[in-house]
Amino acid sequence: MSAYYNNKSIIYQDGRFIHPNEIINDSYSQTLHYGNGIFEGIRSYKTKEGTKIFKAEAHYKRLKYGAKVMNIPFHYSLDNLTDITYTLLEKNNFQDAYIRPIIVTGANMGLGSSQESQLIIQCWEWGKLMGDQLLKVMTSSFQRPNPKSCFVDAKVTGHYINSILARNEASASGYDEAILLDINNNVAECSGANVFIEKGGKLYTPPKGHIMPGITRTTIIELCNEMEIPVEEKHFSIEEMKQADNAFFTGTAAEVIGLKSLDDYTFPMPWETTLGFKLMHLYKQEVLGQRRTNLSKAV
Ligand code: PMP
């Protein structure tokens with residue numbers, strides 16, 4: 001059938017729990033033609049206290065923010081969205097799942113935002129997006145979008161053309177992923193995750209402004225603060241990244257994943273001895289609700 005559903009799968013579409021084949025979509029949708037849609041990527045985990053969606057509120061706040069800046073009507077409350085998502089997981093009998101809500105805009109072949117929208121939520125079982133192996137990454141020839149050309153901090157479907165171009169280029173060149181620079185030639189992020197570097201026992205990550213402010217990135221910074229791991233939000237160049245001891249990516253789908261090399265530079269510090277490795281385990285404990293001080297309510 002599909003990598004994402006089978007004949008028992010259930011998705012949500014505006015008040016209905018249906019099979020993916022029963023979806024009603026408009027071929028005049030502005031999301032299909034112009035990429036004016038908003039989505040999220042969320043994970044749920046099997047914990048000792050049952051299924052827990054990690055930072056549902058933060059993800060749904062970002063979804064609502066996207067609808068607001070794109071002038072798309074969207075009236076679901078945060079509580080309603082979370083309740084629907086738990087119901088959907090239950091209907092699919094999922095505990096460890098990836099959840100993909102999307103606001104799809106209505107028919108409009110003009111360029112003002114359609115004043116109709118619908119919410120679709122899909123979920124499926126998905127391993128770590130980038131796998132478990134350390135990644136070989138390249139400097140992309142594509143830049144992240146200029147923040148004056150769009151709201152880079154909103155998860156708008158159309159923005160992902162930039163990510164797809166960078167990923168395709170990386171694959172075609174024999175790399176796992178791409179590092180994209182911002183318009184000022186500072187390191188921004190990869191196609192679908194944020195980047196941290198380690199240098200002299202301290203972590204650095206690009207500040208907000210030219211990046212998707214990842215919820216995993218925030219969680220990692222919170223974990224660092226709690227564990228007294230030095231971390232600073234600071235711009236750095238690709239040349240500086242090539243002097244780092246180590247580096248890793250963070251994202252809901254990728255979780256925490258270490259880098260092996262950047263272009264022809266191999267990160268010298270063994271992954272198992274890095275702060276990234278330590279944080280990878282702390283993050284796992286956090287999402288599984290296994291830590292004493294739980295950050296999962298923080299936005
Ligand atoms: N950057 C980009 C471009 C992304 O698409 C994502 C995934 N949403 C991230 C970073 C990581 O964000 P998060 O930690 O909220 O999943």
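In this text, all values refer to a predicted model and were calculated from it rather than measured experimentally. Order of appearance sets the numbers: ligands from 1, and atoms from 1 within every ligand. As a basis for the values below, the full set of heavy atoms in this structure was taken, side chains included, without hydrogen atoms, waters or symmetry mates.
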Report the relative orientation of the aromatic rings in Phe248 and Phe196; use parallel for angles under 30°, tilted for 30 to 60°, perpendicular for over 60°.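 It falls in the parallel class, under 30°.
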By the ring pair (Phe, Tyr, Trp, His ring centres under 6.0 Å) test, which pairs, at least two apart or in different chains, include something from residues 79-120? Tyr98-Trp124, Tyr98-Trp126
Inspect the surroundings of NZ in Lys278 and state if more than 12 heavy atoms from other residues, nucleotides or ligands are less than 6.0 Å away. no
Write none if no such pair exists; otherwise list each N/O atom of ligand 1 with its protein N/O partner under 3.5 Å and the distance.
{"unit_1": "ligand 1", "atom_1": "1 (N)", "unit_2": "Glu189", "atom_2": "OE1", "d": "2.6"}
{"unit_1": "ligand 1", "atom_1": "5 (O)", "unit_2": "Lys155", "atom_2": "NZ", "d": "3.3"}
{"unit_1": "ligand 1", "atom_1": "5 (O)", "unit_2": "Tyr160", "atom_2": "OH", "d": "2.4"}
{"unit_1": "ligand 1", "atom_1": "8 (N)", "unit_2": "Lys155", "atom_2": "NZ", "d": "2.6"}
{"unit_1": "ligand 1", "atom_1": "14 (O)", "unit_2": "Ile215", "atom_2": "N", "d": "3.2"}
{"unit_1": "ligand 1", "atom_1": "14 (O)", "unit_2": "Thr216", "atom_2": "N", "d": "2.9"}
{"unit_1": "ligand 1", "atom_1": "14 (O)", "unit_2": "Thr216", "atom_2": "OG1", "d": "2.6"}
{"unit_1": "ligand 1", "atom_1": "15 (O)", "unit_2": "Arg62", "atom_2": "NH1", "d": "2.9"}
{"unit_1": "ligand 1", "atom_1": "15 (O)", "unit_2": "Arg62", "atom_2": "NH2", "d": "2.9"}
{"unit_1": "ligand 1", "atom_1": "15 (O)", "unit_2": "Ile215", "atom_2": "N", "d": "2.7"}
{"unit_1": "ligand 1", "atom_1": "16 (O)", "unit_2": "Thr252", "atom_2": "N", "d": "2.9"}
{"unit_1": "ligand 1", "atom_1": "16 (O)", "unit_2": "Thr252", "atom_2": "OG1", "d": "2.6"}

Is there a donor-acceptor pair under 3.5 Å between the side chain of Lys284 and the backbone N or O of Glu255? no
Could you check whether any side-chain N or O of Glu272 sits under 3.5 Å from a backbone N or O of Phe277, counting only pairs where one atom can act as donor and the other as acceptor?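 The answer is no, because no donor-acceptor pair under 3.5 Å joins these two groups.
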Could you check if a side-chain atom of Lys48 sits within less than 4.5 angstrom of a side-chain atom of Leu288, using non-hydrogen atoms only?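 No - every pair of side-chain heavy atoms lies 4.5 Å or more apart.
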